[in-house]
Student: 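Below you'll find the structure I mean.
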Amino acid sequence: MGELRIILLLIVSLLAAVSVVTGHNITAILSQFPEYSEFNNYLTQTKLDDEINSRETITVLVLNNGAVSSLAAKHPLSVVKGVLSLHVLLDYYDNKKLHAISDGTTLSTTLYQTTGNSPGNVGFVNITDLKGGKVGFGSAVPGSKLDSSYTKSVKQIPYNISVLEIDAPIIAPGILTAPAPSADVNITGLLEKAGCKTFVKLITDTGVLKVFQTAASKGLTVFAPSDEAFKAAGVPDLSKLSNAELVALLQYHALATYTPKGSLKTAKDPISTLATNGAGKYDLTVETAGDSVTLDSGVGTSRVASTVLDSTPLCIFTVDNVLLPTELFGKSPSPAPSLSPETSPSSAPAPAALSPEPAAAPSPFLSPPAPPTSSPTAGPAPSDGPTADSQNSNASNAVDGVKAPSFILALVTVSVSVIISSVMS
């Protein structure tokens, strides 16, 4: 009986360890520092916080309230988002690593590089150890100056997230150029170029395009099926839908909020669509695997294939399959259910007759490979850094997290199996 009690205590201890070792939440981390409240606020407004929280190894170069307020006073939210995304490095840097950069300089990929809107080296940041305790940051575009300096370390959860303060914004050439206001964006032109001509014709013929254009200024996310998606086996004959049903189907491919990919990756509950109303839920659930995002309608799934546009407050994606809501097509993916004879085929366009010529879709929205420079290597930290780490975290204080690393769960599984085997023998 005593042995069983010891075993149970060991299992409880292992499970407790899992609950302690967690991920990170950038909003919770920065909320502890009032001097970064503006930076934190704009991370939330632009949904960059979701993107940061969805990644496992990351460094945030934070700016104080004065620097952020000066930037936000001169530029629209879409520009602010671009600049802040250039301050999120897809690698882990702390005080020690900054002063141990191989050859004294390196290029680091940023979140801005993943948007697909960064030609050349615009999405990379140059990090250079200037010696004398100073580390400079600047755009990796040739000819750019190191106009920002490392000030201090703010907080680390080792090898998961590091927050470092720098004294001025990193500005890449062209990043301060504001994109067209969302109300002026040519939605159909972007979709046609992305290979979604069938979807364009449908939303134009039914008037759904006007709904999209009206919503775009307040917040809109569109999931546009490719032309090939409409030709795929199992897609119902849309000409058999009534006009109201076709409108509901098309509105099911949009959200009434600005929801970039990072926000989709952190969505846990079903999300409402433009088709959501009192008569039916018309919602979607989101599944993620690494950087891949899949939408589940209850009838079938569709992968978010590429980002056509991500400019606050408008986001447009392409998807691999037509999203079929259960409210119209039931839960069985095949065969497609027949609609009642009362429906009016003549009121809706028939996609089969459109015969669009597919355009080449943009490449999937994935994190880019590391830049072609030597990677920094760890080494001893000099004694002349700006300041020592102000808040280094370990397993006992990483309470700002979201989930336990998979290797911890595996460790618990193996440990419990060993314990049970010992008891049985």
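The first residue of the sequence shown is numbered 1, and numbering continues consecutively from there.
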Student: Closest heavy-atom contact between T273 and Y282?
Tutor: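 Heavy atoms only, the tightest pair is OG1-O, 2.7 Å.
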Student: Donor-acceptor pair, distance only, cut-off 3.5 Å: does the side chain of N53 make one with the backbone of D49?
Tutor: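 Checked: pair present.
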Student: Nearest 0.5 Å please: distance from the OG1 atom of T204 over to the CZ atom of F199.
Tutor: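 Between T204 OG1 and F199 CZ, I get 9.5 Å after rounding to 0.5 Å.
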Student: What heavy-atom pair brings S217 and P313 nearest, and what distance separates the two atoms?
Tutor: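 In terms of heavy atoms, the two residues are closest at O-CG, 3.6 Å.
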Student: List the steps and the verdict of salt bridge (Lys or Arg N to Asp or Glu O under 4.0 Å) for D147 and K145.
Tutor: CA-CA 5 Å; D147 46 12; K145 297 180 180 180; over 6 Å; no
Student: Does a side-chain heavy-atom distance below 4.5 Å link L238 with F230?
Tutor: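 When only atoms from C-beta onward are counted, F230 and L238 do touch, with a gap below 4.5 Å.
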Student: Which atom names give the shortest non-hydrogen contact between V80 and H75, and what distance separates them?
Tutor: CG2-O, 4.0 Å
Student: For the side chain of K261 and the backbone of F317, is there at least one donor-acceptor N/O pair under 3.5 Å apart?
Tutor: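 Here the side-chain-to-backbone pair does not exist.
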Student: Between S139 (side chain only) and A172 (backbone N and O only), is there a donor and an acceptor less than 3.5 Å apart?
Tutor: no
Student: Quick one: do K47 and E51 make a salt bridge, cutoff under 4.0 Å?
Tutor: no
Student: Which residue is it: D91, I170, V125? I am looking for the one with a side chain to side chain contact (heavy atoms under 4.5 Å, CB included) to T110.
Tutor: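 For T110, the side chain to side chain contact (heavy atoms under 4.5 Å, CB included) check succeeds only for V125.
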Student: Side chains of T59 and S162: donor-acceptor distance under 3.5 Å anywhere?
Tutor: no
Student: Donor-acceptor pair, E165 side chain versus T151 backbone, under 3.5 Å?
Tutor: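 It does not hold such a pair.
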Student: For R303, is there an ion pair with D320 - N to carboxylate O distance below 4.0 angstrom?
Tutor: yes
Student: Kindly say whether T257 contributes a backbone atom to a donor-acceptor pair with the side chain of T221 at under 3.5 angstrom?
Tutor: yes
Student: Answer yes or no: is there a donor N or O on one side and an acceptor on the other, between the side chain of S70 and the main chain of G66, under 3.5 Å?
Tutor: no
Student: Would you give the length of the straight line joining atom CG of L164 to atom NZ of K152, rounded to the nearest 0.5 angstrom?
Tutor: 11.5 Å
Student: Picking from N95, D167, D129, what satisfies side chain to side chain donor-acceptor pair (under 3.5 Å) with Y150?
Tutor: N95
Student: When you compare the side chain of I271 with that of T259, does any pair of heavy atoms fall below 4.5 Å?
Tutor: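 No, every pair of side-chain atoms sits at 4.5 Å or beyond.
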Student: Going by atom types alone, do T105 and N126 pair a side-chain donor with an acceptor below 3.5 Å?
Tutor: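 Indeed, the side chains of T105 and N126 share at least one donor-acceptor pair under 3.5 Å.
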Student: Short question: side chain of S297, backbone of G300 - any donor-acceptor pair under 3.5 Å?
Tutor: yes
Student: Let me know which of L209, T198, N186, V200 forms a side chain to side chain contact (heavy atoms under 4.5 Å, CB included) with L191.
Tutor: V200
Student: Check this for me, if you would: do K96 and D94 make a salt bridge, where the nitrogen-to-carboxylate-oxygen distance has to be below 4.0 angstrom?
Tutor: no
Student: Please check this pair: side chain of N64 against backbone of E35, looking for a donor-acceptor N/O pair closer than 3.5 Å.
Tutor: no
Student: Given D50, which partner from the list T266, I26, L264 fulfils the side chain to side chain contact (heavy atoms under 4.5 Å, CB included) test?
Tutor: T266
Student: Can you tell me how the ring of Y159 sits relative to the ring of Y92, calling it parallel under 30°, perpendicular over 60° and tilted otherwise?
Tutor: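 Geometry flag for Y92 against Y159: tilted rings.
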